[in-house]
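Heads up, the thing below is written out as structure tokens.
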Amino acid sequence: MFHLRTCATKLRPLTASQTVKTFSQNKPAAIRTFQHIRCYSAPVAAEPFLSGTSSNYVEEMYCAWLENPKSVHKSWDVFFRNTNAGAPPGTAYQSPLSLSRSSLATMAQAQSLVESQPNVDKLVEDHLAVQSLIRAYQIRGHHVAQLDPLGILDADLDSSVPADIISSTDKLDLAVFKERLGMLTVGGFYGLDESDLDKVFHLPTTTFIGGQESALPLREIIRRLEMAYCQHIGVEFMFINDLEQCQWIRQKFETPGIMQFTNEEKRTLLARLVRSTRFEEFLQRKWSSEKRFGLEGCEVLIPALKTIIDKSSENGVDYVIMGMPHRGRLNVLANVIRKELEQIFCQFDSKLEAADEGSGDMKYHLGMYHRRINRVTDRNITLSLVANPSHLEAADPVVMGKTKAEQFYCGDTEGKKVMSILLHGDAAFAGQGIVYETFHLSDLPSYTTHGTVHVVVNNQIGFTTDPRMARSSPYPTDVARVVNAPIFHVNADDPEAVMYVCKVAAEWRSTFHKDVVVDLVCYRRNGHNEMDEPMFTQPLMYKQIRKQKPVLQKYAELLVSQGVVNQPEYEEEISKYDKICEEAFTRSKDEKILHIKHWLDSPWPGFFTLDGQPRSMSCPSTGLEEDVLAHIGNVASSVPVENFTIHGGLSRILKTRKDLVTNRTVDWALAEYMAFGSLLKEGIHVRLSGQDVERGTFSHRHHVLHDQNVDKRTCIPMNHLWPNQAPYTVCNSSLSEYGVLGFELGFAMASPNALVLWEAQFGDFNNMAQCIIDQFICPGQAKWVRQNGIVLLLPHGMEGMGPEHSSARPERFLQMCNDDPDVLPDLQEANFDINQLYDCNWIVVNCSTPGNFFHVLRRQILLPFRKPLIIFTPKSLLRHPEARTNFDEMLPGTHFQRVIPENGPAAQNPDKVERLLFCTGKVYYDLTRERKARGMEEQVAITRIEQLSPFPFDLLLKEAQKYSNAELAWCQEEHKNQGYYDYVKPRLRTTIDRARPVWYAGRDPAAAPATGNKKTHLTELQRFLDTAFDLNAFKKFT
Ligand SMILES: Cc1ncc(C[n+]2csc(CCOP(=O)(O)OP(=O)(O)O)c2C)c(N)n1
């Protein structure tokens, strides 16, 4: 309304034709998009009926009138002429008599202006009513669409028809229609009645139901609305707050006759349905008692996916990354990705031996990567299905991350070449929070993949649970509304409707680069898996399902009746595919060995040898030339752009950095800078993501500088290091751990030549991402033979900050390490340390010096293979004056130190040492301070284990042997049932062949990771330090 008033005066002096000229210059030709140009005069705006959505309608009328005064009803012509002639507010049009007494007076005043049209008020009202009706269908038509193929459930869990829709399921059955229309008239909602049905109404520009016609009888308007919104497609889109996008969707679904298919397309669709259906039938025949999570009841999924891929390929996409759950996965592998059938079939053979290292996974979890020609578009297309655990929806962010990475590496900044498709079950899509977390990444600059096509296999059941018990939202897809994604519900027993929405979904993605959802409302013909009895819990539904004709049969009959195919052709198509399956089955019997490698979803060409081995089994020095260190240090302590004002406090921080560089030392932040900066120089992309990582939770990092005078002007000095460096990405993430860690894991999957790091705000928040850690990072290589070099930075340390924010839970990571605590490896083996790394499932470190942190980050990339790296990072040590490293320890020839041995007075005279304390991380500084205070530097040696896993047996054996008279003790600041003790103790014992006991100095067992009381914290600290330095403490136990 604001615009109505402001624009009006400008237009007033113009004639209609003059105004038309001005207006049409602003109007794009292609789509009937509605501009935000409001061009009424103030008096018009003051008309009582011009409020809310009705103003749109009148505005459209006005535009039409401007273009051609005869194109609108006479009443409108009079109304607009009166308005432009300057009729005072409220007099150009008169509101209905019934409204108020005062309006009667106003009407009398204006009567002369509208004399030529005594029924103008009724006409305006009726037009407004029709516009409201059209809008009601656009907003709520999907509630009455016939979406359930079984006809027993309402897809929105609500059987009522919205009160403002004149729909009947009998499609304008006159009796029902009359009844409903009558109800509306009585309620006075529209003021329309049966006598209006044959009146002609001008159509607003916000509908496309007219096709070439600008006016239609009401009866036809309703019929067309029903055709567009209440058949087998339910379109949910009116929540989208972008007019162009809404117009686009309206045009796609409302235009009469838009859903047309050629006979060729219909035959292709039938052939795809044949493959989908017969594949499941074949598996059922051959392995009737094997679980396969068949697709029966949603066979249309295969042609649906193929349509999305064809259409996307046509629009320029050449790489599609997919994630999907169990349902129909084998079918997708066979018929969408085109995995060789014999490879799938031999997975059912329980006698096949596994050829690769690792423990493998169930056949319906494995991934796949395949490059082939898309036959429809004749273009190359790469399809990748990401391997996933049973944990539903957990792969969503992983797929997104991998997609983002693939886009990044091929410079696809708008998602035109690489896209993702995510499949979901209805129960999981509604129930799993990770879906929401993933949606919230979809539009963030450093995380967007420029639109994902989501396909929901909505079989209206989750294992045994009815949707009415499984969700509180009307549809399982409502979560997508948060990102303004349009949602296309479609009855999966209407294959052409499904193909149509899939085409539109793919076009939407390539037009707007935003997410879109296709909700395939279907059913599950069998139990949850093939062994399951669904009648126990869904008797009525399954009685109906038993009667349900399979979609292939229905569609074949339809095409035969239309003469598109004949019966023999159809049967020929079936036997052709059955033969393909049979032949593959025969070949599958020749397979003697099962290669999980054939199921790799992310190959890294060139990184390994042809047979998948590392190119070497050594790691070069991770040190750097002094000038490189100095250069990075100088950039890190400067602002590399002109006229950029940074905060005064930051200037001081940069000054401190500068002093460190001058003194040839690094603190933690500088060490990290040097590791990242040097890798960038070597062409390695570095990506650091997590909450507030740009500055760093502890305000130590400051990788993004903010101009204090110019809003949003930032500078990333790391990207100003070298002329041809790799790009550095540092991005504050959404407040999600599960989603963001999953995303970064996916990003790291795409290439071995990137250092991808996720930092938890505090280490304990890693448990919000537990599923990614437990299901992907820890066992990923064992299950799916794919390596991953993701780095987790987990701030950890008992600093009196309470039970939260203290522990990154090292015990959990260590408990999941795959090395044997009781077996001493062959320490004489060449490259023992590298072999150990190669064999482990992940590397767990806790560095006590910035230099070692620098080395381990660089080693992560210089290793000839990739393993996840878990780093417990410090908090107070970030600023600890002793936690510094001299450049000398970072020069060429230096390495990451798995163990930092005692190097003080005790090491000079090891025989005199009475106790050898082993520790890791920050407690080292407490121990050395205490030892010094007690003057025990000759009696107690302190050795730091920097790499906890794989356990440095070789180096620790040397330490133990060196201090042969000393008692051995493990000291940690964590509680006894936490931290590292349970991991370290048996391994230390194995190292020394159990010749000496390994004592414990640390906090007592506890339920919480740390006390909430500062005094207790300090008391506990002092108590375990006392134990560590009381040389009699363990005597009583011997
Ligand atoms: C996170 C998670 N919780 C529980 C399960 C166990 N589970 C496996 S399938 C399934 C039902 C899934 O229903 P839906 O998402 O509708 O897919 P459908 O099996 O019907 O295709 C459940 C609960 C699981 N796999 N993952």
Side-chain angles (χ1 to χ4, degrees), residues 147-150 153 155 157 276 280 291-302 304-305 322-333 361-366 386-399 422-438 454-480 489 492 517-534 536-538 541-542 545 738-739 742 767-776 779 783:
L147 298 175
D148 176 18
L150 302 174
L153 272 173
L157 307 183
S276 170
E280 298 294 349
K291 278 191 203 172
R292 64 187 152 84
F293 298 103
L295 195 52
E296 293 95 331
C298 194
E299 290 91 341
V300 80
L301 176 69
I302 300 303
L305 290 175
M322 295 168 57
M324 73 174 295
H326 50 283
R327 181 80 50 220
R329 193 176 175 110
L330 298 178
N331 209 327
V332 168
L333 281 166
D361 201 351
M362 312 305 289
K363 48 190 166 291
Y364 35 81
H365 290 162
L366 298 174
V386 171
N388 57 248
S390 182
H391 295 52
L392 293 168
E393 307 290 348
D396 296 0
V398 181
V399 170
L422 281 179
L423 277 77
H424 315 267
D426 52 320
F429 199 49
Q432 292 292 312
I434 187 60
V435 175
Y436 182 86
E437 290 188 33
T438 308
H454 299 264
V455 180
V456 182
V457 175
N458 180 358
N459 54 23
Q460 310 184 81
I461 191 164
F463 204 157
T464 68
T465 302
D466 185 294
R468 286 164 292 196
M469 301 300 137
R471 64 174 192 260
S472 296
S473 61
Y475 293 102
T477 50
D478 289 284
V479 59
H489 308 282
V517 179
V518 174
D519 178 21
L520 299 175
V521 186
C522 56
Y523 60 94
R524 194 187 67 194
R525 183 165 288 280
N526 303 315
H528 175 58
N529 60 57
E530 291 59 36
M531 306 293 89
D532 218 58
E533 174 51 81
F536 286 150
T537 50
Q538 268 72 27
M541 185 187 210
Y542 274 82
I545 289 174
Y738 191 174
N767 60 11
M768 299 299 285
Q770 201 66 59
C771 178
I772 299 295
I773 295 167
D774 289 354
Q775 262 51 49
F776 290 87
K783 294 200 286 191

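Every number for a ligand or one of its atoms is a count from 1 in the order of the listing.
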Original post:
How far is atom 21 (O) of ligand 1 from its nearest protein heavy atom, and which residue and atom name does that atom have?
Top reply: Arg327 NE, 2.9 Å
Subject >> Numbered atoms and elements of ligand 1 in range of Ala427, under 4.0 angstrom, heavy atoms >> reply: 13 (O), 14 (P), 15 (O), 16 (O)
Original post:
Within 4.0 Å of atom 11 (C) of ligand 1 (strictly less), any protein heavy atom?
Top reply: yes
Original post:
Are any of the side-chain heavy atoms of Asn331 and Glu299 separated by less than 4.5 Å?
Top reply: no
Subject >> Distance from atom 17 (O) of ligand 1 to nearest protein heavy atom, with residue and atom >> reply: Gly425 CA, 3.7 Å
**OP:** Output yes when the distance from some N or O of ligand 1 to some N or O of Val457 is under 3.5 Å, and no in every other case.
**Re:** no
Original post:
Looking at atom 4 (C) of ligand 1, what's its closest protein heavy atom, distance included?
Top reply: Leu392 CD1, 4.9 Å
Subject >> Options His528, Gln432, Glu393, His326, ranked by nearest heavy atom to atom 3 (N) of ligand 1, top entry >> reply: Gln432
Subject >> Geometric class of the His454/His424 ring pair [parallel <30°, tilted 30-60°, perpendicular >60°] >> reply: parallel
**OP:** Please identify each residue that fulfils salt bridge (Lys or Arg N to Asp or Glu O under 4.0 Å) with Asp532, with sequence neighbours left out.
**Re:** none
Subject >> Result of checking Arg525, Arg524, Arg292, Arg327 against Glu280 for salt bridge (charged side-chain N to carboxylate O under 4.0 Å, His left out) >> reply: Arg292
**OP:** Give the residue and atom name of whichever protein heavy atom lies nearest to atom 15 (O) of ligand 1, and the separation in Å to one decimal.
**Re:** Ala428 N, 2.9 Å
**OP:** Please list, chain by chain and in numerical order, all residues satisfying salt bridge (Lys or Arg N to Asp or Glu O under 4.0 Å) with Glu437, sequence neighbours excluded.
**Re:** none
Original post:
Starting from atom 25 (N) of ligand 1, which protein heavy atom do you reach first, and at what distance in Å?
Top reply: Ser390 O, 2.9 Å
Original post:
Got Leu295 and Ser276 here, is their nearest side-chain heavy-atom distance under 4.5 Å?
Top reply: yes
**OP:** Check each heavy atom of Asn459 against ligand 1 and say whether those closer than 4.0 Å belong to the side chain, the backbone, both or neither.
**Re:** side chain
**OP:** Would you mind telling me if ligand 1 is within reach of the side chain of Thr465, the backbone, both or neither, using heavy atoms under 4.0 Å?
**Re:** neither
Original post:
Is there a donor-acceptor contact under 3.5 Å from the side chain of Asp426 to the main chain of Gln460?
Top reply: yes
Original post:
Does even one non-hydrogen atom of Arg524 get within less than 4.0 Å of ligand 1?
Top reply: no
Original post:
Of all the non-hydrogen atoms in the protein, which one sits nearest to atom 13 (O) of ligand 1, and at what distance?
Top reply: Gly462 CA, 3.3 Å
Subject >> Identity and distance of the protein heavy atom lying nearest atom 16 (O) of ligand 1 >> reply: Asp426 OD1, 2.6 Å
Original post:
Are side-chain N/O atoms of Asn526 and Glu530 paired as donor and acceptor at under 3.5 Å?
Top reply: no
Subject >> Smallest separation among heavy atoms of Ala492 and Pro149, with atom names >> reply: N-CG, 4.3 Å
